[in-house]
Amino acid sequence: MRFTALSILILATCMTADLTAQTASIPSIPGNLHPPIDSTWWKHAVVYEIYPRSFQDSNGDGIGDLNGITQRLDYLQALGVDAIWIAPMFPSPQVDFGYDVSNYEAIDPKYGTLADFDRLVAEAQKRSIRVLLDMVLNHTSDKHPWFVESASSRTNPKRNWYVWKDGKPGPDGKPLPPNNWVSLFGGSAWEYMPQTKQFYYHKFYKQQPDLNWRNPAVEKAVFGSMQFWLDRGVAGFRLDAVPTLFEDPRMRDEPAEGGTNAQGDPKLKDIYTNNLPEVHDVIRRMRAMVTKYPGDRVLIGETYLPNTAELDKWYGGAKRDELQLPMDMIIGFSNKLDADTFRNRILEVETQVHGSQPLIVFDNHDNVRSWDRYGDGVHNEAIAKLIAAMLFTTRSTALMYYGEELGMATTTPTRVEDVKDPIGITGWPKEKGRDGERTPMQWDASNPQASFSSNTSTWLPLPPNYKTVNVETELADPNSLLNWHKQLISMRRKRDSIRDGGIVMLDITNSNVLSYVRTAPPGHHNIVIALNMTAQPQSIALDLTTAGIKEKLMRTLLTNEPSLQGATSTSITLPPFATWIGEVQLP
Ligand code: GLC
């Protein structure tokens with residue numbers, strides 16, 4: 001199995017989490033049976049991440065674009081998506097495929113124009129789909145006029161917009177970096193600029209200099225750009241790499257953990273460059289700014305954090321005045337299909353974030369797809385169905401990534417000369433980059449571009465399985481993963497207990513099967529979900545009285561196993577990796 005640099009970061013942080021303590025903290029009472037009904041849109045939403053280069057090409061240049069997204073809105077509406085998050089489509093030299101922004105208030109010509117964007121928002125709105133943008137706050141492109149000015153002289157008014165520092169004297173007179181900080185993408189995090197004889201700091205590529213968030217002018221300018229898009233009708237933002245906005249003002253060396261990472265750099269404990277407390281003041285002010293807009297605009301955070309206590313801080317703890325939806329990466333990137341782990345972590349995020357709304361996610365553009373991370377190579381489809389059931393039937397807001405609904409696999413380049421993601425070039429062969437999870441959307445089997453583009457040369461090649469794994473083929477198959485997603489999302493919208501109910505874990509000592517009930521107000525149906533996380537059949541006999549439910553008669557609502565279609569009780573045998581969702585019959 002391949003992990004990207006970012007996956008390694010996640011794994012490292014998750015592994016330092018104290019799982020024993022988490023297990024011990026499972027509440028003995030089963031949680032809130034009937035939470036108050038709250039119709040705020042993002043609390044129920046299915047958010048769909050679009051990597052614009054790879055979704056739909058409308059002009060035949062081999063790269064996806066905004067008009068392509070507009071063309072596919074009917075598909076997204078039929079899937080049941082409430083909001084799309086578009087990865088950066090701002091002008092950019094595309095070193096990090098848009099995450100190196102050179103102008104926050106325009107559209108990259110490769111993706112279209114502002115008029116195209118406005119049309120996309122309007123067409124999406126007609127289909128009740130909101131548009132969320134990806135704000136890259138930590139850094140700009142080195143081609144952004146702010147940086148060009150900042151780099152031009154030590155006295156330029158924008159000098160202090162970035163993080164500049166003198167080097168240390170080197171043995172041969174050449175300056176050495178100011179400290180040992182490493183870039184997440186390999187090598188020193190400091191780049192020397194001979195013109196002004198100082199280094200600038202970059203957490204990511206050297207073409208992505210870090211903004212200096214200690215300078216209020218930076219906050220003012222970035223908030224201004226956010227307002228530019230809020231005024232154009234965007235429903236909110238996904239905040240890129242948001243825990244890394246601040247660095248230690250004393251610029252102390254980070255302690256070594258021992259060993260090296262995939263890029264060959266020493267592994268460091270990133271205590272001086274990640275998750276510094278100062279960031280929370282910025283987020284509180286950002287929340288206050290966004291809240292002034294009507295329509296429940298939302299802030300979603302790319303928050304890879306080691307544990308739920310840290311996640312809670314991103315909501316603002318008891319004050320709940322920071323992000324509405326920091327991503328819980330702990331559940332979806334545990335990378336192990338294990339009932340105890342999921343149960344403990346879902347319970348934790350339900351009970352230890354001061355009643356804030358969890359957001360769970362299994363896939364994004366930085367990590368090996370969940371199809372491969374959780375799949376065992378034999379039962380991948382059943383496992384993908386089980387993951388989707390978890391994603392859509394807990395209380396969490398659900399975030400999914402294009403192609404997840406089809407079972408698109410990670411298709412990693414096999415030759416370094418084909419790699420597009422720079423970390424895959426510098427890290428080859430240990431780190432092959434993120435191209436594998438960014439391949440074009442597989443729409444149909446009509447041509448080798450799977451109708452993603454009319455150009456035979458697409459920016460990344462279509463994976464060979466496009467002939468069978470594609471929207472058109474799967475729509476025609478009632479048992480496909482795509483139709484499974486549609487059924488689950490529709491159930492999530494229409495069933496009171498899944499939409500608004502509480503959640504109570506069942507059979508909590510069972511390490512093989514994750515089961516829970518979504519509780520409904522009296523007079524409505526409770527719904528039971530049982531997920532066999534093993535390759536062996538598992539017999540269960542769920543006791544619903546722990547959730548205050550006396551009725552025993554069940555009716556199957558959804559299962560991927562024909563043998564469970566007629567189940568009428570919660571005493572059933574689940575085939576390997578089976579999903580069963582049943583409704584408790586009213587007396
Ligand atoms: C985030 C993005 C990733 C990007 C990095 C630097 O982690 O998801 O794609 O490379 O930030 O902007």
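Worth saying up front: this structure is predicted, and the values here are computed from it rather than measured.
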Honestly, is [X] close enough over [Y], meaning NZ or CZ under 6.0 Å from the six-membered ring centre and within 45° of the axis?
{"X": "R130", "Y": "Y48", "result": "no"}
{"X": "K430", "Y": "W428", "result": "no"}
{"X": "R159", "Y": "W164", "result": "yes"}

Quiz item: Do the side chain of R53 and the main chain of M89 share a donor and acceptor less than 3.5 angstrom apart?
Solution: no
Quiz item: When you measure from the side chain of N380 to the backbone N and O of G377, does any donor-acceptor pair fall under 3.5 Å?
Solution: yes
Between [X] and [Y], does any side-chain donor sit less than 3.5 Å from a side-chain acceptor?
{"X": "N67", "Y": "T70", "answer": "no"}
{"X": "T410", "Y": "D372", "answer": "yes"}
{"X": "T244", "Y": "N274", "answer": "no"}
{"X": "Q207", "Y": "D96", "answer": "no"}
{"X": "E247", "Y": "T273", "answer": "no"}

Give a yes or no on whether a salt bridge exists between [X] and [Y], defined as a side-chain N under 4.0 angstrom from a carboxylate O.
{"X": "E278", "Y": "R214", "result": "yes"}
{"X": "R287", "Y": "E322", "result": "no"}
{"X": "R369", "Y": "D363", "result": "no"}
{"X": "D435", "Y": "R438", "result": "no"}
{"X": "E310", "Y": "K313", "result": "yes"}
{"X": "K110", "Y": "D57", "result": "no"}

Exercise. Measure from the ring center of W443 to the ring center of F55 and say whether it is less than 6.0 Å.
Key: yes
Quiz prompt | Pair K165-W190, side chain to side chain contact (heavy atoms under 4.5 Å, CB included): steps then yes or no | solution = CA-CA 9 Å; K165 181 100 177 119; W190 296 97; 3.7 Å; yes
Self-check item: Any side-chain heavy-atom pair of S188 and W181 under 4.5 Å
Solution: no
Quiz item: Are L323 and M286 close enough that some pair of their side-chain heavy atoms sits under 4.5 Å apart?
Solution: no
Quiz item: So H139 and F204, would you call those rings parallel, tilted or perpendicular, with 30° and 60° as cut-offs?
Solution: tilted
Quiz item: Mind checking whether W229 and F117 have parallel, tilted or perpendicular rings, split at 30° and 60°?
Solution: perpendicular
